[in-house]
Each structure stands twice: as C-alpha cells, then as structure tokens.
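Working notes, beginning with the structure itself.
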Amino acid sequence: MQTIEEIQNFEGKYPKQLWYLFFSEMWERFCFYGMRGMLTFFMVHQLFMKEDVANLQYGATQAFVYAFTFVGGLFADKILGYRKSLFWGGIMMIVGSAILAIDPKQFFFLGIAFTVIGTGFFKPNISTMVGTLYKANDARRDAGFSLFYSGINIGALLGGYACIYIGKNYSWNLAFGLAGIVMTISLVTFLFTQKSMATIGLSPLLHLQDSKRKLYEYATYIGTLVAIPLIMTMVSNPEYTDYFMYTIGPVTLLYLAYEMRNFSLQENKKLIAAMVFIVFSILFWAFFEQSGGSLSLFAANNLESDFLGINLDPNGVNNAANSLFVIIFAPLLGLVWVWLNTRKAEPNTVVKFGLGFLFLALAFYTFYFTRFFANIEGMTSLEIFTLAYFIITFGELCLSPIGLSIMTKLSPVKLQAVMMGMWFLASAYGQYVAGILGAGMSIANENASKTEKLIAYTDGYQQLAIYALIAGIVLIAISPIIRKLMQEVK
C-alpha cells in the first residue's frame, strides 16, 4: 500500500486517486442536481403548491443543504474523518432517494430531510480529500481541481437533464429512483477504491481506544437519525427556515468578532477582505440560483421545446445548459487568464468577482429580453433562454472557482475551518434569498395566463439585472481598497 508521501510524489499531471474521487463525485452530483432540478417543478405540478410557496420551499431546502455542509465538515474534522463521513452521507442520500421513489407525494419531506443531511456529510469532505492528494506547494493542484470541477459538471449535466425528463414523461418514482441508483454507483466506486488512499481521510480519533472512538462515531450516526424529524419539520415550514437563517448568521459573525481579538491588525484586515467576498457571494448566488426556482417554473410555463430544429425538454435545458457550458469553456477561460498573466494584464481577484456580476447582469437582461420573442400565447424562444445561460456561465467561472481558494489564502491557519464554513453558509444565505426573490416574481393567482406569468417573471429578471450591474460596478470601484486589505495575497 502506498504512503501519503508516495501518493503526493506521483508522476505526470494527475494522481490516479484523483480519478477515483472524480467518478464518485460525478455520480453524486448526478444524484444531487437531478433531485435539485425536479424539486420546484414537482412541488407545483404534483404537490399543487402555489408558485410563490414552491419558490420559498426550494430556497429553504437548498439553504439547509448548504448550511449542513458546515456541520458535515465539522463532524468529519472532529470525529468521523472524511471517509466515514462520505460513506454515511452517501447512505443517507440513497435512503432519501429510495423513500422518494416509493411514494414521492406522501413521503416528499421525509425523503428530502435524508437528502439534506446526506449531502451535508458528503459534499465538503470529498473536495477536501482532493486537496490532500497534493503537497502544499504543488503547482499541479489547480489542474487537479479543474479536472474534479469538470466531473461535478458532467454529473450535473447528465442528472439535470435525465431526471426531470423521466419524471415529466414517464414516472416520478422512476426519476427519484434513478437518483438513488447513481448515488449507489458513487458509493460503491468509493468503497472499492478507498484502499488506494493510504491514511487520507481516516478518523482523527485513531489515538483513542477502539471502544471510545466507536462510541463517538455511533453517537454521531444516532444523533443524525434523531435530527431527521427536526430537519423534516424545518424544511417543510419555511417560517422555521426564517428563524434559523436570522439566528445562524449573526451568531457566526459574533463568533468571528470574538476570534478576531486573538489576531494581529494585518490578519484582521485580511479577514475583513474575506468578509467582503462572502457578502458579495451571497448576492451572486441569490441571483444565480434562480435556476432551480423561478427559472424552472419559467421554463415549464413559457418556453417552447424547439432548439434550432431539435425537440428538447425546456426544464432539461434549464437544468443542464450551465453545466455543458462550464465543461466546454472552463479550460478555455483558464487559458485566457494565463495568456493575460504573461502580458501582466490579468485582472486581480476583486475585479474578477466584479466581472462575474457584470456577466450575471447581462445574462438576466437576456432572460428579460425573452419577452420580446414571445408569441400571442406567452411562449418564448428556448434559443434566447439558452444564450442567457451561456452568458451566466462566464459569470460563474469568474467567481466560483476563486472563492474557496481566496478563503484559505486570507484566513489565519487556526480560523480556516471557520472561514470555509462561513463561505458555505454564504451559499446557504444565497439559496435562501433566491427563494424569496423567486417568490416575489411569481403571481399568487394560480389562474394567471402564460402571458401574465411571462411578464411577471421577466420583470423580475430585469430588476435582478439592474442589481447585479450595480453590485459589479461597486466591486470594481472599491477593488483598490480591498486589495490594500488583502496585502500580499493575490
């Protein structure tokens, strides 16, 4: 068996273990994005929720998923280790999918509660394992994460299109069941390849007696199961989500302020810069994540199925277009940054964040412009809608890959786990706000015509375009101040 040092001293571009994690993550993301792409549509068309309620419900569900990545990371760090956290998270996701496959209408929130907790244990820890395959100063690390990121998007592309298509045209039980089947493939892949990982991801409590360590582990598993009814209640009642979100953010900020007393002025300046990135990322995800909420309903209600003469499911396109464009253009944009860097013209991190918002603004103006291509029934062009996703992808690529990296660079070593948690918590707030924004666009009158819905949603997208434009301009304007706070960090 290889040691960690032997793994990290691999020859070539990628360690072989990266490919194992790549396939585990790809199938897990198939499951996650397949489920995510079905939620809002299923709630409106099968559970007969009003569109504004379904948008709020979607935001609540996704907020808890991202909030639980913080909890899952914490338990992995302190008790389970990455491997057992992955395994437990995978089992919970499979159980959640199985429950939904049996009877998605009756057991909807029970299945979702299992999936929320399972994703929380799985998602943050597989990314951390990728990082441990490399030495701290290995220049090949970025290439490894780029490959891993493409695995995420291949899974999202396949799952995002397949699950909603099967649900709408064949059977919702089968669609939720498919998510569980591919999650099982993900878990089996991990189980059969983990022996090649040396000691990466093993329990941090190996120094304890077996009996004592197992007591902590079983207590974690039992505690997770006991929490299911609580999560189910909170996810099914958006007002409980409100209380949770009103509490968790201020408490985290107070804790950060308490910790900042122990650091130098220079370190605290970097932490303030990190908080600026976190606040703006909440705004970005609140706009971007309309894809699972309001844009899902817009696709269902107002999009024609013809794309350049090919018949495509509009909801499948809504779920999969972004992932397809990321797979194609992420490597090309990476080459553009390298080319600009050789000419000393590459924009700094803050400006890249600002550019992300400008692309976001242009994309939402394009979503707004779909109204000018609508026919008399209120049905509009799938091509223009897809063009907006092409534009939004560049916004994501300017911001998303940089976020995790900049958190680690700006945080003191003792606070890195906390700041990573805050970054994921920012995503949770983004999802939560996305639900509120989507609900604000929807028409409460369930008898509204397709044209009325088209006008309501595109009016909302025009507003989001204006807000994104302002945010981008502000970020670029204050970039010199943020750069000073960041000091030597690039």
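Note: hydrogens, waters and symmetry copies are ignored here, and every other heavy atom, side chains too, is used.
Contact annotation: the side chain of Ile282 never approaches that of Ser427 to less than 4.5 Å [non-hydrogen atoms, C-beta and beyond]. Looking at Glu25 and Phe148, their side chains come closer than 4.5 Å, going by heavy atoms from C-beta outward. Using a 4.5 Å cut-off on side-chain heavy atoms (C-beta onward), Ile327 and Leu157 make contact. In this structure the side chain of Leu303 never reaches within 4.5 angstrom of the side chain of Met379, judged on heavy atoms. Ile310 is not listed as a side-chain neighbour of Asp306, based on a closest heavy-atom distance of 4.5 Å or more. Under the 4.5 Å side-chain criterion, counting only non-hydrogen atoms from C-beta, Phe357 is not in contact with Leu469. Residues Asn302 and Leu297 form no side-chain contact, since every pair of their non-hydrogen atoms from C-beta on lies 4.5 Å or further apart. Taking the side chain as every heavy atom from C-beta outward, Leu454 and Phe298 approach each other to under 4.5 Å.
Of all heavy-atom pairs spanning Gln487 and Leu485, the tightest one is NE2-O, 2.9 Å. Nearest approach of Ala60 to Thr241, heavy atoms of both residues: CB-OG1, 3.3 Å. Closest approach of Phe284 to Gly356, counting heavy atoms only: CE1-O, 3.7 Å. Nearest heavy atom pair, residue Thr115 against residue Ser97, reads OG1-N, 4.4 Å. Summarising the geometry of Glu51 relative to Lys453, their closest heavy-atom pair is OE2-NZ, 3.1 Å, with the distance given to 0.1 Å. When every heavy atom of Asp52 is checked against every heavy atom of Ala439, the shortest pair comes out as O-CB, 3.4 Å.
Applying the 6.0 Å contact sphere to OH of Tyr467 captures no more than 12 heavy atoms from other residues, nucleotides or ligands. More than 12 heavy atoms of other residues, nucleotides or ligands shown are found within 6.0 angstrom of CG on Leu332.
Screening Leu358, Leu355, Val351 for a side-chain contact (heavy atoms from CB on, under 4.5 Å) involving Cys398 leaves a single residue, Leu355.
Residue Lys123 holds its NZ atom at 14.5 Å from OG of Ser85, rounded to the nearest 0.5 Å. Between Leu382 atom CG and Leu308 atom CG the span is 8.5 Å, to the nearest 0.5 Å. Once rounded to the nearest 0.5 Å, the distance linking CG of Leu312 with OG1 of Thr386 reads 8.0 Å. For the atom pair CZ of Phe288 and OG1 of Thr393, the computed distance is 7.0 Å after rounding to the nearest 0.5 Å. Distance check: Met93 CE to Phe122 CZ gives 7.0 Å after rounding to the nearest 0.5 Å. Arg29 contributes atom CZ, which lies 6.5 Å from atom CD1 of Ile152 (distance to the nearest 0.5 angstrom).
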- Message: Quick one, Phe390 with Phe329, criterion ring pair (Phe, Tyr, Trp, His ring centres under 6.0 Å). Give me CA distance, side-chain angles, the key distance, then yes/no.
- Response: CA-CA 10 Å; Phe390 172 74; Phe329 292 102; 5.3 Å; yes

- Message: Assess the residue pair Phe353 and Phe280 against the criterion (ring pair (Phe, Tyr, Trp, His ring centres under 6.0 Å)); give the C-alpha distance rounded to whole Å, side-chain angles, the decisive distance to 0.1 Å, and a yes or no.
- Response: CA-CA 8 Å; Phe353 253 62; Phe280 275 94; 8.0 Å; no

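Taking the centre of each ring, Tyr20 and Phe190 stay at or above the 6.0 Å mark. Between Phe325 and Tyr389, the gap from one ring centroid to the other reaches at least 6.0 Å. Phe22 and Tyr14 have their aromatic ring centers separated by at least 6.0 angstrom.
Judged purely by distance below 3.5 Å, without hydrogens or angles, the side chains of Tyr165 and Asn315 never pair a donor atom with an acceptor atom. With 3.5 Å as the limit, one finds no donor-acceptor pair spanning the side chains of Asn318 and Ser296.
Ring pair Tyr461/Tyr457 is parallel by interplanar angle, where below 30° counts as parallel and above 60° as perpendicular. A perpendicular orientation is assigned to the rings of Phe287 and Phe364, their planes being inclined by more than 60° (bins at 30° and 60°).
Under the 3.5 Å distance criterion, the side-chain polar atoms of Lys450 are left unmatched by any main-chain donor or acceptor of Glu377. No side-chain donor-acceptor contact under 3.5 Å links Gln431 to the backbone of Ala286. For Ser24 (side chain) and Leu21 (main-chain N/O), no donor-acceptor pair under 3.5 Å exists by modelled atom type. Panel note: side chain Asn153, backbone Val326; no donor-acceptor pair is recorded below 3.5 Å. Remark: the backbone N or O of Gly59 is not paired with any side-chain donor or acceptor of Gln62 at under 3.5 angstrom.
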Atom pairs and distances, donor-acceptor, side-chain atoms in residues 31-45, under 3.5 Å, two or more places apart:
from	atom 1	to	atom 2	distance (Å)
Arg36	NE	Tyr58	OH	3.3
Arg36	NH2	Glu289	OE1	2.7
Arg36	NH2	Ser291	OG	2.8
Thr40	OG1	Gly292	O	2.6

Donor-acceptor pairs under 3.5 Å, side chain of residues 366-374 to any protein atom, not counting sequence neighbours: which ones?
from	atom 1	to	atom 2	distance (Å)
Thr366	OG1	Leu362	O	2.8
Thr370	OG1	Phe367	O	2.5
Arg371	NE	Thr458	OG1	3.0
Arg371	NH2	Ile455	O	3.4
Arg371	NH2	Thr458	OG1	3.1
Arg371	NH2	Asp459	OD1	2.3

